[in-house]
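As structure tokens, the structure follows; a few thoughts come after it.
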There are 2 protein chains.
Amino acid sequence: MKTLDWNTLFGKGAGRIQASTIRELLKLTQRPGVISFAGGLPAPELFPKEEAARKAAEILKEKGEVALQYGPTEGYGPLRTWVAEWIGVKPEEVLITTGSQQALDLLGKVFLDEGSPVLLEAPSYMGAIQAFRAYGPRFLTVPAGEEGPDLEALEATLKRERPRFLYLIPSFQNPSGGLMPLRARKRLLEMVMAQGLVVVEDDAYRELYFGESRLPSLFELAREVGYPGVIYLSSFSKILSPGLRVAFAVAHPEAITKLTQAKQGSDLHTPVLNQMLVHELVQEGFPERLSKIRATYRAKAGTMLEALDQEMPKGVRYTRPQGGMFVWMELPQGLSAEALFRQAIAQDVAFVPGGPFFAGGGGENTLRLSYATMGPEGIVEGVRRLAKALKRLLALA
Amino acid sequence: MKTLDWNTLFGKGAGRIQASTIRELLKLTQRPGVISFAGGLPAPELFPKEEAARKAAEILKEKGEVALQYGPTEGYGPLRTWVAEWIGVKPEEVLITTGSQQALDLLGKVFLDEGSPVLLEAPSYMGAIQAFRAYGPRFLTVPAGEEGPDLEALEATLKRERPRFLYLIPSFQNPSGGLMPLRARKRLLEMVMAQGLVVVEDDAYRELYFGESRLPSLFELAREVGYPGVIYLSSFSKILSPGLRVAFAVAHPEAITKLTQAKQGSDLHTPVLNQMLVHELVQEGFPERLSKIRATYRAKAGTMLEALDQEMPKGVRYTRPQGGMFVWMELPQGLSAEALFRQAIAQDVAFVPGGPFFAGGGGENTLRLSYATMGPEGIVEGVRRLAKALKRLLALA
């Protein structure tokens, strides 16, 4: 067999696309017996298996010529209309995407050139960093905590820089779990409006609030004051099924048109069957389904926090999430979350070390725990194992 | 409402992404009563509706936790293994993609920089031109006809240029219907091997041959002589369902690894339910299904050719396809296929004008007719209408 040096054949883009070391680490977590707090995998017991089986069969039998044929790039008409009504916009302001990950890629394709500044929270969603990085932008970061991005730091950055867009997750941030208060949302909006900047608001966790209701999104607040610069992303991954890969972007029609043209070249359209299935699944009992999902994650979060309160040694800080799927943890300065990961894997428990969530580096002593996937016994036992791993690490330090 | 000038907010990439004028034209073809030879839409009567309904219900009931959950980027294991066996490679040489369109996008992302030379046939698949164009390459083209690309022209081009890859559709080319003979395949392979070039072989129509068997692919021929530089694309779109968006790329593991990393940022993974459904649908009666598909398209092609032979005025040339979905037509020089399109739409018949299939311009007097979608009466009536439109155009000329 002749050999080719593939690295010399690839373009510059290939150099920017790298295996995340984390995803390599996470392969270790698939070993049987490992309790994983790592992936953001929705609770499988919440999947509408029976209902999806019945609806999928009906769709394929009765409308198979539609479900199995090529479809429009913008999305399956009735789903697009349903999403538009749900979000309170017009159908031409909606694009159905193949998961929110695709929306992030399309935003990179449309907005980012090599060297373009783009502003993210630190930490921010790893998949967004990965999607944008392929287009070679320059990352600007502002620290983010339990109340979202540091607005003083943001203001200072926006005095010096004009990012192509700000990528923010204001509600139940991944990975930090942070929730921007209403006043912070309003202040942020004033800043971006003053400069006519684009905000990409990722609201994947919009329905997973543990309180009485959710805060208005940046998108909603911007619409109230007539500002068209917020591009809103959300998904059916956390409320129906991630495996179906059905999500949506909502934006000004001019932005939707360009994103749609970009999507045409990327995958022609999101699978039609999946869109029809989602459309059927939201027709009946959807509010009840959302209540049940909220109650489930609220209970799981409670279980994890109680176990952490019992088991964690002093000096370890962690958030008390008000929604979403994650607890964010800070080890005492000087301790490495990757070192803890190796101890944890030896104890058959896994999590995601926080470093890769920081586009500008840092965060070596942070980590993300997901309570979404495991049942209560698994959560309690996993936290026990984690505490044991941490004590070993402290003994070594 | 404040306004934003979106065009100043987008990056350079957005300028390269344009609505294809063709797709705009094609919207006209969705009017009721129009007989459309335009889209490459597979025959809906061939869709496995009942079987898919039964299998989808089984999968969701029995393995819903897998079908509805996040899955691996590389693809659903059993499907990847099945494809590997079908094509005669190892599973690590296979990547499942969200339609072949996604594979084209990933190839652009990994191989093409702004200004990179990339070589295509003229004409070539419009979706490939669109996918690659987003990355800003420089298109090199060689004329292609019923026997594939002009190898003299190719040789001359390769003396001057080193394209990042050659994108070729050797069997039943879209749009020309061309079929590269075996000796041409071998000669082409010698040329690319001599320079260590990468070939992307798009074999979407691999099973749609009307003769006794198919020719060996460039990929197979290259493997026989130990050359790893051919990246092979194919799809379940033409043999099961395009709406499911399940396709695959086969290549050297180093290329697959990089494409997989790129896919991670693009959509995380292809929907799991769709991959499981395809895997189930190929388990039983697949060879019989392929025979039936071949027989159906062979008959449809025959019907269209017979009608064209009867109806078309002298001076109009068209191919006699040996497989695939398309007849490629050349009007007498000086006649415009777009002008014919306007006459045709007035007669309630549609096709795709050939111009946009030429990455380097030209082809204004060419057009593509698909016989795949319509039944025999529709084909005959559509050709009659087309002849009427053509006579009107000739009368005007």
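Throughout, protein chains are lettered first and strands after them, A, B, ... in sequence-line order, and every chain is numbered starting at 1. Computed from a prediction, not measured in an experiment: that's the story for all the values here.
Listed for the B:Q101 side chain is no donor-acceptor partner under 3.5 Å among the backbone atoms of A:S266. Under a 3.5 Å cut-off, the side chain of B:K258 and the backbone N or O of A:I17 do form a donor-acceptor pair. Counting only distance, with no hydrogens or angles, the side chain of A:D113 and the backbone of B:G11 share no donor-acceptor pair below 3.5 Å. Panel note: side chain A:R245, backbone B:T270; no donor-acceptor pair is recorded below 3.5 Å.
Here the shortest heavy-atom pairing between B:P228 and A:W6 reads O-CZ2, 3.4 Å.
Neither the backbone nor the side chain of A:S100 comes within less than 4.5 Å of any heavy atom in chain B. Contact of B:A134 with chain A is made through the side chain alone, with heavy-atom distances under 4.5 Å. Using a 4.5 Å cut-off between heavy atoms, A:L106 does not touch chain B at all. Contact of B:R16 with chain A is not made at all, since no heavy-atom distance falls under 4.5 Å. Neither the backbone nor the side chain of B:S116 has a heavy atom closer than 4.5 Å to any heavy atom of chain A. Residue contact with chain A, scored on non-hydrogen atoms closer than 4.5 Å, involves the backbone and the side chain of B:V110 alike. With a threshold of 4.5 angstrom between heavy atoms, B:L259 does not approach chain A through any atom at all.
From A:L244, atom CG reaches atom CG of B:N274 across 7.5 Å, with rounding to the nearest 0.5 Å. For the atom pair CD of B:E254 and CG of A:L4, the computed distance is 9.0 Å after rounding to the nearest 0.5 Å. For the atom pair A:T373 OG1 and B:Y70 OH, the distance stands at 10.0 Å (nearest 0.5 Å).
No other option in B:L41, B:L277, B:T98 has as many heavy-atom pairs under 4.5 Å with chain A as B:L41. Between chain A and the options B:R133, B:Q102, B:Q69, the largest number of non-hydrogen pairs under 4.5 Å is found for B:Q69. Among the candidates A:T260, A:L60, A:L68, the residue making the largest number of heavy-atom pairs closer than 4.5 Å to chain B is A:L68. Listed options B:L273, B:T97, B:L9, B:T257 were ranked by heavy-atom pairs under 4.5 angstrom with chain A; first place goes to B:L9. Listed options B:I59, B:D105, B:D5 were ranked by heavy-atom pairs under 4.5 angstrom with chain A; first place goes to B:D105. Across B:G99, B:G196, B:G39, B:P42, the residue that shares the most heavy-atom pairs under 4.5 angstrom with chain A is B:P42. Residue with the most contacts toward chain A among B:G71, B:P72, B:P271: B:P271 (heavy-atom pairs, distance under 4.5 Å). Among the candidates A:G64, A:P242, A:A247, A:S241, the residue making the largest number of heavy-atom pairs closer than 4.5 Å to chain B is A:P242. Among the candidates A:A57, A:A56, A:A53, the residue making the largest number of heavy-atom pairs closer than 4.5 Å to chain B is A:A53.
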Donor-acceptor pairs under 3.5 Å, side chain of residues 43-51 of chain A to any protein atom, not counting sequence neighbours: which ones?
| unit_1 | atom_1 | unit_2 | atom_2 | d |
| --- | --- | --- | --- | --- |
| A:E45 | OE2 | A:K300 | NZ | 2.9 |
| A:K49 | NZ | B:E65 | OE2 | 2.3 |

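Remark: B:F132 pairs with B:F165, B:Y167 by the ring pair (Phe, Tyr, Trp, His ring centres under 6.0 Å) rule, at least two apart or across chains.
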Yes or no on side chain to side chain donor-acceptor pair (under 3.5 Å) for B:Q264 and A:Q130, after CA distance, side-chain angles and deciding distance? CA-CA 8 Å; B:Q264 212 166 64; A:Q130 193 181 14; 2.8 Å; yes
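Between A:Y135 and B:Y135, the ring planes are parallel. Angles under 30° get that label, and only those over 60° would be called perpendicular.
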